Number of protein chains: 2
Amino acid sequence: MSYTYKYARPSVTVDCVVFAIDFEEENIKVLLIKRGEEPFFGNWALPGGFVHMEESLEEAAIRELKEETGLDSIYLEQLFTYGEIGRDPRDRIISVAYFALVNLAGKVLNASTDAADAAWFALDELPALAFDHDRIINDAYDRLKGKLRYKPIGFELLPPLFSLSDLQKLYEIILGVSFDKRNFRKKLQKLDVLEETDQIQKDVKHRAAKLYQFDHVRYLERENAGFYFEL
Amino acid sequence: MSYTYKYARPSVTVDCVVFAIDFEEENIKVLLIKRGEEPFFGNWALPGGFVHMEESLEEAAIRELKEETGLDSIYLEQLFTYGEIGRDPRDRIISVAYFALVNLAGKVLNASTDAADAAWFALDELPALAFDHDRIINDAYDRLKGKLRYKPIGFELLPPLFSLSDLQKLYEIILGVSFDKRNFRKKLQKLDVLEETDQIQKDVKHRAAKLYQFDHVRYLERENAGFYFEL
DNA sequence: CCAAAAGTGTTGGGACTACACCCATGA
DNA sequence: TCATGGGTGTAGTCCCAACACTTTTGG
């Protein structure tokens, strides 16, 4: 058989599930854009678009996020690739989904070129979504819950300096359980990956909490030494 | 902007990393095929090929496995999608990699249509591989090691009936550590997902071990009840 | 009877759970 | 002074790691 890439080719897109935590409302938010094109014109959908020939998948995800939402340099990992027949009503489309985490307070959204609008929605109050994006969001949430327990990805959802109560609330919101305050703090202390700073909370009307930061370097040292992060 | 899927399209392939355990040699085996086409004619590579327009990704993976190796109805999960520029020397190719587990003793290989040959290689003695397949195998091995600890996927590498020593040896081979026999057995007993059968080992020249089987149903019950499999 | 692997209990230490009160601050 | 969340210790239980010998079978 000769070497020819002779088969008909599907189109390939990337889609990004961007999560953030809303500490006021105590819920999880997903970033959606209102589609400005057919199909599903006017519906809400995940930010994303076609992969260009001169960029990698991750580059495409980063570019689309920037173009459609203005978000930049956020945590991003590949989630899953969806390739069922009929996902797109008109053509064969394969979508590589990405999973992104962002600190809600630290970023501002820009609507732009091919998205008429971008907005945060509570995960449990999503509008009707284009394509199979509801399923993708579900899978992403499963990944978030699963990975949160054994990898320090929660810190991506917090500002660089945070209180222990914020961290605990984050875990409680995402996992849907509550933790004992003293036990939670003891466990973190034992993990030894948080660094206490000399900063404290500002503008709170009660005793200000000490602020901590996550020590990536120490975490990697411990992981390589065979210690497991687990919460 | 009008609705046209106007972009140039990459080709999409699937590649399968099939693992098995060799209990005689006490090592991990990977299934490779010798390429019968350019590029990398004559090199060893992962089984796989182009995704057709009328099949899903998983269907493509199952079809290619059957065509190239004869393997059928084995454990399969999606691993990762590789889309770097230049992975393939001649064209833009995006590969959806799958991760497969099989019981070495229970299956026979068939070479066929577009693979000149198929063979098992020890993971630590791989030949030069086509494309970036060495990297894909590495990623698959990481997935195997990681997932083995908290999901009962090891049973996919064993025959339906197995001894506790086989199971322990499997964990030791894959994770590269050794476990205390009594503690290992106590832990399994506590997990309560193994069913003792009335069968025993045959044709061994020492005391024959009792054979057990994995109880999928009970495992799912426990998982839904919030219990974690962990070893 | 020898080789080879199967099978089996106990103990000490560390981790986890459950639980309640005082402290600091701003309004 | 009050409301709000910040911060802290102990005791009991359970889990885990460490450790060695006897049993069964085939050759």
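So you know, we letter chains A, B, ... as the sequences are listed, proteins then strands, and number each from 1. Everything numeric here is computed off the predicted structure, so don't read it as measured data.
Counting non-hydrogen atoms under 4.0 angstrom, B/K186 reaches a base of the nucleic acid. At the heavy-atom level, A/S165 lies under 4.0 Å from the strands shown only through sugar-phosphate atoms.
Comparing atom distances between the B/D180 side chain and each of D/dC19, D/dG7, D/dC15 picks out D/dC19 as nearest. When each of D/dA17, D/dT25, C/dG26 is scored by its nearest atom to the side-chain atoms of A/K205, the top-ranked nucleotide is C/dG26. The side chain of B/R185 approaches C/dG7 more closely than any other nucleotide in the set D/dG6, D/dC16, C/dG7. Relative to the side chain of B/R182, the nucleotides C/dA6, C/dT8, C/dC16 differ in distance, and C/dT8 lies closest. Side-chain atoms of B/N183 lie closest to C/dG9 of the nucleotides C/dA5, C/dC19, C/dG9.
Rounded to an integer number of Å, the gap from A/K202 NZ to C/dG26 P is 10 Å. The distance between atom CD1 of B/I200 and atom P of C/dA6, rounded to the nearest whole Å, is 13 Å. Atoms CG (A/L231) and C1' (C/dC16) sit 13 Å apart, rounded to a whole Å. One atom, CD of A/E196, and another, C1' of D/dG7, lie 12 Å apart when rounded to the nearest Å. In this structure, A/K187 atom NZ and D/dT8 atom P are separated by 19 Å, rounded to whole Å. At whole-Å resolution of the value, CZ in A/R207 and C1' in C/dT25 are 9 Å apart.
Side-chain N/O atoms of B/K190 include none lying less than 4.0 angstrom from OP1 or OP2 on D/dC14.
In terms of modelled atom types and a separation under 3.5 Å, the side chain of B/D132 and the main chain of B/R135 share no donor-acceptor contact.
Classified by interplanar angle (parallel below 30°, tilted 30° to 60°, perpendicular above 60°), the ring pair B/F214/B/Y219 is tilted.
A/K210 contributes no side-chain N or O that forms a donor-acceptor pair with the base of D/dG6 under 3.5 Å.
Taking the centre and axis of the six-membered ring of A/Y212, the NZ or CZ atom of A/K210 falls outside the cone set by 45° and 6.0 Å.
A salt bridge links A/K151 with A/E223: the distance from a Lys NZ or Arg NE/NH1/NH2 to an Asp or Glu carboxylate oxygen falls below 4.0 Å.
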Task: Steps toward ring pair (Phe, Tyr, Trp, His ring centres under 6.0 Å) verdict (A/Y150, B/Y150) - done: CA-CA 11 Å; A/Y150 65 95; B/Y150 64 95; 5.5 Å; yes
